Amino acid sequence: TLFNESDLTTLLTNAEHRTRAVTELAALVEAAGADGVNIDFEGGGAGSKAGLVSFTEEMQAAVDEVFLATPAVDWEGAYDYDALAAASDGLFIMAYDYHWSGGNPGPIAPLTGGGPWSSYAMDWTLNDYRTWGTPDDKIIMGFCIFFKCWY
């Protein structure tokens with residue numbers, strides 16, 4: 001996990017840093033006898049979009065399985081969905097936090113948008129990923145109801 005835009009930019013836009021991270025993560029996967037990794041980088045901006053794809057491609061070359069945690073709504077334009085889907089084994093869409101304690105009230109994981117809430121909901125998210133070229137066999141949706149999450 002990495003949730004800081006500055007640190008993400010430093011990692012993803014520098015080939016040397018990406019290579020080091022991939023090498024160290026692959027060693028951890030090997031040492032644990034795991035099959036692969038789930039990458040959860042949040043808070044990055046559009047400036048590191050290409051670097052995230054490169055990191056994913058490099059990670060895929062180093063381990064058997066690579067999955068990425070991706071947002072319900074890409075507010076910053078930081079995710080190249082079709083390229084990430086092609087470079088990984090799947091995109092785990094975190095289809096929750098459409099509303100949160102610091103924002104306007106509303107459901108955290110609505111199935112459909114509209115009504116008194118915004119248009120952003122799971123149906124909107126799924127359509128957005130498909131519109132940007134993510135094939136259905138690469139989509140995994142996680143959601144929460146009453147503060148319990150399913151993946």
Side-chain angles (χ1 to χ4, degrees), residues 1-104 108-110 113 118-144 147-151:
T1 59
L2 186 57
F3 297 170
N4 177 284
E5 184 172 358
S6 176
D7 291 343
L8 279 168
T9 300
T10 298
L11 170 65
L12 297 175
T13 61
N14 183 298
E16 184 178 320
H17 293 319
R18 282 195 317 267
T19 299
R20 180 176 175 202
V22 166
T23 300
E24 290 182 10
L25 286 169
L28 289 171
V29 168
E30 177 70 24
D35 294 322
V37 296
N38 179 32
I39 305 299
D40 187 358
F41 291 163
E42 298 179 32
S48 56
K49 180 187 265 189
L52 180 57
V53 172
S54 295
F55 180 86
T56 304
E57 291 168 341
E58 293 165 24
M59 199 75 245
Q60 186 66 272
V63 299
D64 290 336
E65 294 180 3
V66 176
F67 290 86
L68 285 97
T70 56
V73 180
D74 183 9
W75 300 106
E76 301 295 324
Y79 296 86
D80 189 341
Y81 294 142
D82 60 334
L84 290 171
S88 71
D89 292 288
L91 305 181
F92 180 90
I93 302 170
M94 297 176 288
Y96 44 85
D97 285 346
Y98 291 90
H99 294 92
W100 57 94
S101 63
N104 293 328
I108 60 169
S118 76
S119 61
Y120 296 117
M122 287 186 209
D123 61 342
W124 181 94
T125 296
L126 186 57
N127 186 51
D128 187 47
Y129 275 72
R130 288 172 169 163
T131 296
W132 292 105
T134 306
D136 286 347
D137 66 344
K138 295 286 185 106
I139 293 174
I140 304 152
M141 290 189 82
F143 58 95
C144 299
F147 302 104
K148 293 189 178 205
C149 299
W150 289 268
Y151 309 107

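Computed from a predicted model, the values in this text were never measured in an experiment. When a residue number appears, it is its place in the shown sequence, counting from 1. Quick note: numbers below take in every heavy atom, side chains included, and nothing from hydrogens, waters or symmetry partners.
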*Asks:* Nearest heavy-atom pair of Pro135 and Ala85: which atoms, and what distance?
*Replies:* CD-CB, 3.9 Å
*Asks:* How close do Asp64 and Gln60 get, heavy atom to heavy atom, and via which atoms?
*Replies:*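 Where Asp64 meets Gln60 most closely, the heavy atoms are O-OE1, 3.4 Å.
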*Asks:* In sequence, state the C-alpha distance, the side-chain angles, and the governing distance for Leu126 and Arg130, and then conclude on side chain to side chain contact (heavy atoms under 4.5 Å, CB included).
*Replies:* CA-CA 6 Å; Leu126 186 57; Arg130 288 172 169 163; 3.7 Å; yes
*Asks:* Might you point out which heavy atoms bring Asp35 and Val29 nearest each other, and give the distance in Å?
*Replies:* C-CG1, 4.2 Å
*Asks:* Do Thr134 and Tyr79 come within less than 4.5 Å of each other through their side chains, counting heavy atoms only?
*Replies:* no
*Asks:* Distance from Leu25 atom CG to Phe55 atom CZ, nearest 0.5 Å?
*Replies:*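 Between Leu25 CG and Phe55 CZ, I get 5.5 Å after rounding to 0.5 Å.
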*Asks:* NZ/Lys138 to CG/Leu68 distance, rounded to the nearest 0.5 angstrom?
*Replies:* 10.5 Å
*Asks:* Please give me the minimum heavy-atom distance between Pro110 and Ala121, naming the atom from each residue.
*Replies:*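 Smallest interatomic distance, heavy atoms only, reads O-CB, 3.4 Å.
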*Asks:* Is Glu16 atom CD crowded by more than 12 heavy atoms from other residues, nucleotides or ligands, each under 6.0 Å away?
*Replies:* no
*Asks:* Measuring from Lys49:NZ to Tyr81:OH, what's the distance to the nearest 0.5 Å?
*Replies:* 9.0 Å
*Asks:* Write down the atom of Val22, the atom of Ala62, and the distance for their closest heavy-atom approach.
*Replies:* CG1-CB, 3.7 Å
*Asks:* Mind checking whether Phe92 and Asp40 have side chains closer than 4.5 Å, heavy atoms only?
*Replies:* no
*Asks:* Trp132 vs Asp128, test: side-chain hydrogen bond (donor to acceptor under 3.5 Å, both in side chains). Steps then yes/no.
*Replies:* CA-CA 6 Å; Trp132 292 105; Asp128 187 47; 3.1 Å; yes
*Asks:* Could you check whether any side-chain N or O of Asp89 sits under 3.5 Å from a backbone N or O of Val66, counting only pairs where one atom can act as donor and the other as acceptor?
*Replies:*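 The answer is yes, because a donor-acceptor pair under 3.5 Å joins these two groups.
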*Asks:* For the residue pair Leu84 and Val53, establish whether any side-chain heavy-atom pair is separated by less than 4.5 Å.
*Replies:* yes
*Asks:* If you round to the nearest 0.5 Å, how far is CZ of Phe41 from CG of Asn4?
*Replies:*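 Answer for the CG-CZ pair, Asn4 versus Phe41, is 12.0 Å.
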*Asks:* Any heavy-atom pair between the side chains of Glu5 and Glu76 that's under 4.5 Å?
*Replies:*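 Contact flag for Glu76/Glu5 side chains = no.
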*Asks:* If every non-hydrogen atom of Ala72 is compared with every non-hydrogen atom of Thr125, which pair is closest and at what distance?
*Replies:*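 Of all heavy-atom pairs spanning Ala72 and Thr125, the closest is O-OG1, 2.8 Å.
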*Asks:* To the nearest 0.5 angstrom, please state how far the OG1 atom of Thr9 sits from the CG atom of Asp7.
*Replies:* 8.5 Å
*Asks:* What's the separation between atom CD1 in Ile39 and atom OG1 in Thr56, rounded to the nearest 0.5 Å?
*Replies:*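 Ile39 CD1 to Thr56 OG1: 7.0 Å, rounded to 0.5 Å.
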